[in-house]
Number of protein chains: 2
Amino acid sequence: MSGTHALSGEALGSSAQRRRRERILDATIALASAGGFDAVQMRAVAEHADVALGTLYRYFPSKIHLLVTTLAREFEREEALLAERTIPGDTPADRVISVLRRTTRGLQGDPHLTEALTRAFMFADKSVAQEIRVVGRLLNRMLTHAMRPDAREAGDEDVAIARVIGDVWLSALVAWVTGRSTAEETAAHMERAVRLILR
Amino acid sequence: MSGTHALSGEALGSSAQRRRRERILDATIALASAGGFDAVQMRAVAEHADVALGTLYRYFPSKIHLLVTTLAREFEREEALLAERTIPGDTPADRVISVLRRTTRGLQGDPHLTEALTRAFMFADKSVAQEIRVVGRLLNRMLTHAMRPDAREAGDEDVAIARVIGDVWLSALVAWVTGRSTAEETAAHMERAVRLILR
DNA sequence: TCTCGAAGTGAAACGTGTTCCTATTATGCT
DNA sequence: AGCATAATAGGAACACGTTTCACTTCGAGA
């Protein structure tokens with residue numbers, strides 16, 4: 001292997017490493033999906049991914065990094081799916097609601113996974129700022145695109161609005177994950193907020 | 001002591017217990033203020049409060065419960081201070097911004113404490129739902145009161161709006177705590193969001 | 001005052017995230 | 001092929017949240 005000292009970020013050298021990395025993320029999803037945040041135990045992830053514990057930590061410096069990176073990958077996949085289709089709805093509000101409903105439904109279909117990823121995201125400290133930013137950017141892009149599907153790039157105003165909506169969505173997700181509100185309440189709250197903001 | 005089996009919640013029997021409880025919360029604040037979330041170590045809290053570890057756990061079943069309860073006490077104090085004075089500003093938006101600015105400034109004056117309390121709040125799981133609800137209620141009350149200082153009780157619409165604003169505020173706080181945005185950006189984002197929602 | 005149950009003490013022990021260390025294996029270069 | 005170096009395996013060790021337990025102290029009622 002060439003002197004790749006930093007395997008952080010995206011640039012992984014060999015395809016063996018890329019595969020290992022994917023195995024780790026897949027194991028994380030499997031465990032999170034089965035038992036939530038607590039079930040994602042680093043030893044279990046390592047064993048599941050057929051990797052030594054030290055190797056796992058070489059790829060992801062903490063459990064939180066691991067989970068937030070997993071979240072980023074899921075968001076990327078979701079965004080790719082979303083980019084292929086035209087978003088239904090005649091107004092920005094309708095389209096945003098459509099996207100959020102779709103995404104939220106996806107998450108609520110796997111409560112344990114959602115709990116694990118959401119809690120990791122919210123618990124993250126400064127050392128995870130970079131990964132968090134990736135997720136924030138993806139979320140913002142999804143929302144601005146829903147607002148103006150034809151715009152090449154989002155204006156500052158739209159970015160600010162999308163950020164507010166994203167904030168509300170995250171808080172709503174946390175409320176749902178902690179059992180403070182039901183799926184229906186979450187959906188209703190989101191819809192009300194979007195109509196309030198995008199009126 | 002009388003047969004108080006559940007000392008959860010507020011009703012503490014003797015004043016000795018009340019004092020112990022206050023000592024624990026004070027110790028929590030001192031440690032959090034000095035070193036943030038990681039510095040609030042249960043053994044250290046116990047020692048600081050001059051209480052055995054088992055006693056600490058008798059009063060607060062987990063570190064997260066402890067920190068969220070601490071947050072609730074701080075909020076109660078803040079609300080009490082706020083209730084005494086008339087909130088400056090001629091419109092609901094101005095008054096809400098005034099309250100948020102004031103509170104946010106207070107928090108940003110003690111970054112470590114804020115980091116500890118915020119992360120605990122966001123990391124909480126279902127078992128902390130009750131304490132979380134208390135904080136949510138206080139926050140909502142502060143905001144609806146700022147919106148309509150003269151109303152005896154808040155209407156459903158106002159509560160919903162306050163909740164959206166509270167959501168944005170929490171997310172903004174998390175962004176600030178994790179170093180994703182500066183104090184100025186946080187303030188600007190909050191103000192923009194409030195004007196957007198309360199226009 | 002005596003007694004009894006609840007509350008508190010002190011310390012050991014356990015689980016899991018994280019770190020560290022040594023031996024082994026893979027990889028690129030000459 | 002042989003060497004140098006990075007990556008991985010395997011596992012011990014450590015830190016801190018949490019649990020447990022045997023013992024002591026406290027306080028209210030007989």
Side-chain angles (χ1 to χ4, degrees), chain A residues 1-8 11-24 27-28 31-32 35-70 116 119-120 123-125 127-128, chain B residues 1-8 11-24 27-28 31-32 35-70 116 119-120 123-125 127-128:
Chain A
M1 157 142 310
S2 63
T4 306
H5 186 55
L7 70 127
S8 61
L12 286 197
S14 74
S15 73
Q17 281 177 322
R18 225 185 316 274
R19 265 183 277 116
R20 228 182 298 248
R21 187 186 150 94
E22 289 302 308
R23 279 211 311 278
I24 292 173
T28 303
L31 288 167
F37 187 88
D38 291 341
V40 181
Q41 302 185 355
M42 297 305 268
R43 291 172 178 82
V45 171
E47 194 174 347
H48 225 77
D50 202 29
V51 140
L53 188 56
T55 305
L56 172 54
Y57 272 94
R58 173 184 291 276
Y59 279 76
F60 301 97
S62 80
K63 174 170 172 171
I64 301 294
H65 282 83
L66 172 59
L67 282 165
V68 174
T69 304
T70 303
R119 286 181 67 202
F123 189 58
D125 66 2
S127 74
V128 204
Chain B
M1 155 140 313
S2 62
T4 308
H5 187 54
L7 72 127
S8 60
L12 286 196
S14 75
S15 73
Q17 282 177 321
R18 229 186 314 275
R19 266 184 276 116
R20 230 183 298 253
R21 188 187 150 95
E22 289 302 309
R23 279 212 310 279
I24 292 173
T28 304
L31 289 167
F37 187 88
D38 291 341
V40 181
Q41 300 186 356
M42 298 304 267
R43 289 174 179 83
V45 172
E47 194 173 349
H48 223 78
D50 202 29
V51 140
L53 188 55
T55 305
L56 173 53
Y57 273 94
R58 174 184 290 276
Y59 279 75
F60 302 97
S62 78
K63 172 169 173 172
I64 301 292
H65 282 84
L66 172 59
L67 283 165
V68 175
T69 304
T70 303
R119 287 180 68 201
F123 189 57
D125 67 2
S127 74
V128 203

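Just so it is clear, the structure is predicted and the values come from calculations on it, not from any experiment.
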Q.
Between B:R19 and B:E22, is there a side-chain heavy-atom distance shorter than 4.5 Å?
A. no
**Q.** Residue closer to the 5' end of DNA chain C, A:S62 versus B:R23 (nearest nucleotide)
**A.** B:R23
**Q.** Shortest side-chain distance from A:Q41, nucleotide among C:dG17, D:dT8, C:dT18
**A.** C:dG17
Q.
From the set C:dT9, D:dT8, C:dT18, return the single nucleotide nearest to any side-chain atom of B:T55.
A. C:dT9
Q.
So which atom in B:A39 and which in B:L31 form the shortest heavy-atom distance, rounded to 0.1 Å?
A. CB-O, 3.8 Å
Q) Within the structure shown, what part of the strands sits under 4.0 Å from A:V40 by heavy-atom distance: base, sugar-phosphate, or nothing? A) sugar-phosphate
Q | Length of the CZ-P vector between B:F60 and D:dG17, whole Å | A | 16 Å
Q: Please figure out whether B:Y57 or A:D50 has its closest DNA chain D nucleotide nearer the 5' end.
A: A:D50
Q.
Expressed as a whole number of angstroms, how long is the span from B:L56:CG to D:dG17:P?
A. 10 Å
Q) Can a donor-acceptor pair under 3.5 Å be found between the side-chain atoms of A:R43 and the base atoms of C:dT18? A) yes
Q) For the side chain of A:A52, counting heavy atoms from C-beta on, which of C:dT18, D:dG10, D:dG17 is nearest? A) D:dG10
Q) Minimum heavy-atom separation for B:A120 to B:L67, with atom names? A) CB-CB, 3.4 Å
Q: Tell me which nucleotide among D:dT8, C:dT18, C:dG8 gets nearest to the side chain of B:R20.
A: C:dG8
**Q.** B:F123 six-ring face occupied by B:K63 cation (under 6.0 Å, within 45°)
**A.** no
**Q.** Gap between atoms CZ and P, on A:F123 and D:dG17 respectively (whole Å)
**A.** 10 Å
Q: Find the distance B:Q17:CD to C:dA7:C1' and express it as a whole number of Å.
A: 7 Å
**Q.** Euclidean distance, atom CZ of residue B:R58 to atom P of C:dA6 [Å, nearest integer]
**A.** 10 Å
**Q.** Between P of C:dT16 and CG of A:L67, the distance in whole Å
**A.** 16 Å
Q) Considering only D:dA7, C:dT18, C:dA7, which nucleotide approaches the side chain of A:L53 most closely? A) C:dT18
Q | Within 6.0 Å of CD in B:E47, more than 12 heavy atoms from elsewhere | A | no
Q: Return the value, rounded to whole Å, for the distance between atom NE2 of B:H65 and atom P of D:dG17.
A: 16 Å
Q: Nearest whole angstrom, please: distance from the P of D:dG10 to the CE of A:M42.
A: 17 Å
